[in-house]
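Here's the structure we're looking at; comments come further down.
Just so it is clear, the values below take in all heavy atoms, side chains as well, and ignore hydrogens, waters and symmetry mates.
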Amino acid sequence: MILSIESSCDDTAIAITEIETKKLVFHKKISQELEHSVYGGVVPELAARLHAEALPKILAQTKDYFEDLKAVAVTTSPGLAVTLVEGLVMAKAIAVALNLPLIGVNHLVGHIYSLFIEKEEKFPLTVLLVSGGHTQVMEVKSLSEIKTVAKSMDDSFGESFDKVAKMMGLGYPGGPLIQELAKNGDRAKYNFTVPLHQSPLIAFSYSGLKNAVRLAVDEAGEDKEAYKHIAASFEHIATKHLTMKLKKYFKLQKPQSFAIVGGASANLYLRAEIEKLLAPYNAKLFLSELQYCSDNAAMIGRVAVEMYKQKMFSELDAIDISPKSSL
Ligand code: KG4
Ligand code: ZN
């Protein structure tokens with residue numbers, strides 16, 4: 001079995017995965033959403049302190065598996081430096097104590113493998129990753145053949161939901177809050193401009209839309225009724241931006257198997273719009289189970305199973321975090 005640790009942002013999670021069967025025998029996650037909610041976003045130092053508290057608590061519940069462990073895996077990139085370190089220090093301590101090899105996992109590869117928890121991997125796949133930190137399209141042929149073909153030039157899709165929710169004083173994370181508010185709003189009420197709609201670039205940008213929403217929120221003042229229309233119009237345009245750029249990309253590369261992963265892949269409007277987009281191509285849509293869309297250690301363990309088979313280990317004194325590294 002492999003013990004895997006995830007602490008790249010505001011979720012502390014540990015999983016135990018059986019190598020041969022890929023079975024997830026243990027998974028526990030402690031989310032810090034409530035603690036960060038008052039600040040309208042993740043406060044790195046607070047996050048690090050909460051990981052330091054939560055990691056040993058969860059680890060204590062995995063003791064019965066220790067004798068069956070063959071490796072320890074940990075998210076080493078990308079993420080917040082101060083929180084990645086918490087996971088890495090714990091992984092190193094376990095590796096030393098139990099004399100196990102270490103596996104450093106890229107969090108974005110983890111999101112891709114959230115599709116394959118307790119399942120066989122299946123490639124090739126075109127993947128749209130929409131999370132709090134990233135918005136990108138990748139062509140994935142295998143674990144080590146991942147090519148990013150489009151990405152955001154500034155904010156991410158999920159982050160824009162977080163920022164809009166903060167403007168409205170709704171709390172954190174903004175994704176589910178905006179989705180809920182948008183349900184009863186008029187998507188056509190606010191005519192926000194679709195980002196980069198006149199640009200030939202196949203890339204994403206959310207900072208302009210965020211600023212347009214800020215003006216609308218300021219103008220609405222205390223008119224809470226207007227907020228639901230702003231939320232609905234924002235969700236519509238944020239999604240339309242993705243589907244318009246994907247449509248452009250599909251002219252170059254026809255989709256066959258398409259997946260949406262990452263925390264924001266839980267968004268129901270996005271899922272429905274992507275389904276509509278894929279229909280004419282007869283392309284299959286793959287999604288992670290809802291519980292594995294947001295950050296978790298099961299996806300890190302699933303990547304680690306493949307890395308273990310390929311002996312992709314890291315030396316104890318060479319393994320390090322790489323907060324900014326991407327795919
Ligand atoms: O993958 P994730 O858990 O963390 C990162 O790796 O960043 O993604 C978290 C992001 C947050 O920005 C959150 O607001 C967003 O996913 N999110 C959503 C929804 N649920 C979560 N965004 C839009 N709609 C949702 N339903
Ligand atoms: Zn993530």
#### Entry: Donor-acceptor side-chain pairing of Asp155 and Ser160 below 3.5 angstrom
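Absent: no donor and acceptor within the cut-off.
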### Query
Any cation-pi pair here, Arg187 with Tyr269, using under 6.0 Å and within 45°?
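Yes, cation above the ring, under 6.0 Å and within 45°.
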### Query
What do you reckon, are the aromatic ring centroids of His241 and Tyr206 less than 6.0 Å apart?
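That pair passes the under 6.0 Å test.
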### Task
Would you please indicate if the ring centroids of Phe157 and Phe204 are separated by under 6.0 Å?
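No, the ring centres sit 6.0 Å or more apart.
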Side-chain heavy atoms nearer than 4.5 Å, only ILVMFWY residues, links allowed to pass through others: does that put [X] and [Y] together?
X: Phe313; Y: Val72; result: no
X: Met312; Y: Phe116; result: yes
X: Leu128; Y: Leu108; result: no

### Query
Can you name the one residue among Ile58, Thr17, Leu3 that meets side-chain contact (heavy atoms from CB on, under 4.5 Å) with Phe26?
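The option that passes is Ile58.
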### Message
Under the criterion side-chain hydrogen bond (donor to acceptor under 3.5 Å, both in side chains), I'd like the reasoning laid out for Glu6 against Thr75: C-alpha separation, chi angles, the key distance, then a yes or no.
### Response
CA-CA 5 Å; Glu6 159 62 37; Thr75 303; 2.7 Å; yes
### Task
Specify whether Tyr292 and His27 have parallel, tilted or perpendicular ring planes, treating 30° as the upper limit for parallel and 60° as the lower limit for perpendicular.
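If you compare the ring of Tyr292 with that of His27, the planes turn out tilted.
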### Task
Specify whether His111 and His107 have parallel, tilted or perpendicular ring planes, treating 30° as the upper limit for parallel and 60° as the lower limit for perpendicular.
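Aromatic pair His111/His107 classed perpendicular.
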### Message
Can you give me the closest heavy-atom contact between Arg302 and Tyr113, atom names plus distance?
### Response
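In this case the closest contact between Arg302 and Tyr113 is CG-O, 3.8 Å.
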### Task
For residues Leu181 and Lys228, report the shortest heavy-atom separation together with the two atoms involved.
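Looking at all heavy atoms of both residues, the closest pair is O-CB, 3.4 Å.
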### Asn296 backbone acceptor or donor facing Asp11 side chain under 3.5 Å
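Answer holds: no.
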### Query
Quick one: does Ser7's side chain have a donor or acceptor within less than 3.5 Å of a partner on Gly87's backbone?
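The answer is yes, because a donor-acceptor pair under 3.5 Å joins these two groups.
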### Message
Check this for me: does any side-chain nitrogen of one of Lys22 and Glu120 sit under 4.0 Å from a carboxylate oxygen of the other?
### Response
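Between Glu120 and Lys22 there is a salt bridge, with a charged N closer than 4.0 Å to a carboxylate O.
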